[in-house]
Enquirer: 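Quick one: this structure, given as structure tokens, is what I'll be asking you about.
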There are 2 protein chains.
Amino acid sequence: MAKRSDSQGRLDDAARAGWLYYVAGRTQDEIAAAMSISRQSAQRLVSLAVAERLIKVRLDHPISACLELAEALRQRYDLKHAEVVPSDPAGVSTTVGIAEAAAAEIERWLKRPDPIIVAIGTGRTLKAAVDQLPPMECPQHRIVSLTGNIGLDGSAAFYNVIFSMADAIKARHFPMPLPVLCSSAEERETLHDQALVRSTIALGAKADVTFVGIGELGVDGPLCVDGFLGRDEMMKLVEEGAAGEICGWIFDREGRLVESSINDRVASVPIPSRETSSVIGIAQGRKKVTALGAALDGRLINGVITDEATAEQLLSM
Amino acid sequence: MAKRSDSQGRLDDAARAGWLYYVAGRTQDEIAAAMSISRQSAQRLVSLAVAERLIKVRLDHPISACLELAEALRQRYDLKHAEVVPSDPAGVSTTVGIAEAAAAEIERWLKRPDPIIVAIGTGRTLKAAVDQLPPMECPQHRIVSLTGNIGLDGSAAFYNVIFSMADAIKARHFPMPLPVLCSSAEERETLHDQALVRSTIALGAKADVTFVGIGELGVDGPLCVDGFLGRDEMMKLVEEGAAGEICGWIFDREGRLVESSINDRVASVPIPSRETSSVIGIAQGRKKVTALGAALDGRLINGVITDEATAEQLLSM
DNA sequence: TTTGCTCATGAGCAATTACTCATCAGTGGG
DNA sequence: CCCACTGATGAGTAATTGCTCATGAGCAAA
């Protein structure tokens, strides 16, 4: 084999070494012997072939598209966690697929032997997710609800996620004995001053991982449908540029919490720090793309579980 | 994580692990952590992904030595297509390397939007090649088998290339419901007169591109090993100057089809015209040099995919 | 010629991966 | 109900790979 020191020859050698390594499946020692170079040089040629993208790896499996989208999301939004599940082509449900994936992720956290604090929001998607949880014994962990579980009329709220969750997994759980929205900022002050509520809020601030749904606005969004906001209030919010909500906290298209009479009255625990905690948003569907994109842009969340179609729409924004 | 014991779920996991390993470049430890499995299990999933051919590696670099050999072959034999891949110095396999290259070439043809007819032979090499094909949807193309798929005992033949291929790419396919060799020239007449067979033969004659393996003769050649010819028949052929076979058609050292009782009984479709079609022979290895050289000399094929060592031997003849 | 720079090289060592073995759970037949 | 069989698992260990560092060759500028 003629020795050529020019870069063309070197790339040739790299291609040859890479071919022997990846296609022919030989070890670097064998390549070194075949090409009459040292093992280290063979290793360098192989890694050069990879670095120069001479070697193309392809995965022939439906999953690969999802993984690529997840990686793209992770890069673009600087995420700690991104998961994309195949889209249901029928697209009838807003929870099928991501609910199972979210449950799997929750389970992964709960399986940890060291004690952690899991914060959890509310909503249809999260309810569907916790319904997928298998029974577990997790006395070492604590689960804290970020949102109040008292409805407008004093009854328990519609999607009582934390109780469903505590039902499946045996762990200490801390609901929020508050409504979702207070009648005024002053009332919120008072209510948040209760010892029980203060300790729950303090616990939420220390959450190791947080799972939240992403609510879209509009008269068909959860806040209106569930009666927390009137149509006129909602219209006004949208006109002012609001794009979505997490645990009731309204944010705009850049993912900044908006200053409004609504956010002044939200009784929820503040969204835990994205610095110290994984805050994973779970949402899919065309209607949620705007809200989800805004939450990601504003770094309100640093993790996402969504489906293929939604991921594609996010990335094309 | 939802419990899935079925093999589909396991393949999904393998795909995911393989993707994380080869595409995302994670270590097996990281994959294990991400998937909540042990490192050993992650390693197994990765190697399963490789074993199941979910991972396809391709080298995208023209190695100049190979390019030069390819160009020399093209000149000398007046070829439409010549491709030379690096040789595996160990040379243990007769398919590694050219199978991937052949698959890539087949894929290039299949990617064409305009409808084409692809004719395909049989043999170990072609089988290995089509096993490398990724799933594709090609309803516009038609694939026709040049050789019968009925074995000596009436069972399906050993290397049922066309069905493997049709399995990977969704296209209309036309197998040959015949044995490889008929018992007599008269029987061949009768069989070829069937409407189904006639239309397949007519289709083969119109093939836009043809991929065939090159069989060497001798008692270790495929015709003998697979039991189509007895040792004595084979010895006689070799004595009479036969040098190789394509789809069962025996040819001599100048690449001319020999007149023999064998060729009178071959049930295969005639090799498509080299005037109107690309007929690409795929072969490598010292044992095949004579046969391949003869086929090239006689212009039985006008394209070749082989390896470096074989190309050098061909050119030094 | 000397100097300083770049880059390939090989050695040594740490990290990573592959293999073997013993075990165990699930399964289907006797 | 038992038992052989299959296939998954984890531990332990050997093999392989990747990284860092010191060295020296090649080369251009001073």
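The chains referred to below are lettered A, B, ... by the order of the sequence lines, with proteins before strands, and numbering in each begins at 1.
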Enquirer: From the set D:dT9, C:dT9, D:dT17, return the single nucleotide nearest to any side-chain atom of B:Ser41.
Expert: D:dT9
Enquirer: Could you measure the distance from the CG atom of A:Leu314 to the OG1 atom of A:Thr306? Nearest 0.5 Å is fine.
Expert: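 A:Leu314 atom CG to A:Thr306 atom OG1 measures 6.5 Å (nearest 0.5 Å).
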Enquirer: Tell me: CD of B:Gln28 to P of D:dT16, nearest whole Å?
Expert: 15 Å
Enquirer: Mark yes or no for a side-chain to base donor-acceptor pair under 3.5 Å between A:Arg44 and D:dG18, with no hydrogen or angle criteria applied.
Expert: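 A donor-acceptor contact between them is absent.
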Enquirer: Please lay out, stage by stage, how B:Val130 and B:Ile120 fare under the test side-chain contact (heavy atoms from CB on, under 4.5 Å).
Expert: CA-CA 10 Å; B:Val130 303; B:Ile120 196 139; 4.1 Å; yes
Enquirer: Measure from CG on A:Leu48 to C1' on D:dG18 and round the result to the nearest Å.
Expert: 15 Å
Enquirer: Given atom CD of B:Gln43 and atom P of D:dT13, what is their separation to the nearest angstrom?
Expert: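 Atom-to-atom, B:Gln43 to D:dT13, this comes out as 18 Å.
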Enquirer: Classify the side chain of B:Gln40 and the base of C:dA18 as holding, or not holding, a donor-acceptor pair under 3.5 Å.
Expert: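 Absent.
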Enquirer: Round to a whole Å and report the spacing from CG of A:Asp29 to P of C:dT17.
Expert: 18 Å
Enquirer: Roughly how many Å is it from CG in B:Asp13 to P in D:dG7, rounded to a whole number?
Expert: 18 Å
Enquirer: Does B:Tyr21 place a side-chain N or O at less than 4.0 Å from the phosphate oxygens OP1/OP2 of C:dT16?
Expert: no
Enquirer: Can you tell me the distance, in whole Å, between the OH atom of B:Tyr22 and the P atom of D:dT17?
Expert: 11 Å
Enquirer: So which nucleotide from C:dT16, D:dG10, C:dG10 ends up closest to the side chain of B:Ser38?
Expert: D:dG10
Enquirer: How many Å lie between CZ on A:Arg39 and P on D:dA15, as a whole number?
Expert: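 For the pair A:Arg39 CZ and D:dA15 P, the rounded distance is 14 Å.
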Enquirer: Give the rounded distance in Å between these two atoms: CZ of B:Arg26 and C1' of D:dT17.
Expert: 20 Å
Enquirer: Quick check: are there more than 12 heavy atoms from other residues, nucleotides or ligands sitting under 6.0 Å from CZ of A:Arg76?
Expert: yes
Enquirer: Is the number of heavy atoms from other residues, nucleotides or ligands under 6.0 Å of A:Lys170 NZ greater than 12?
Expert: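 Buried by this count: over 12 neighbours within 6.0 Å.
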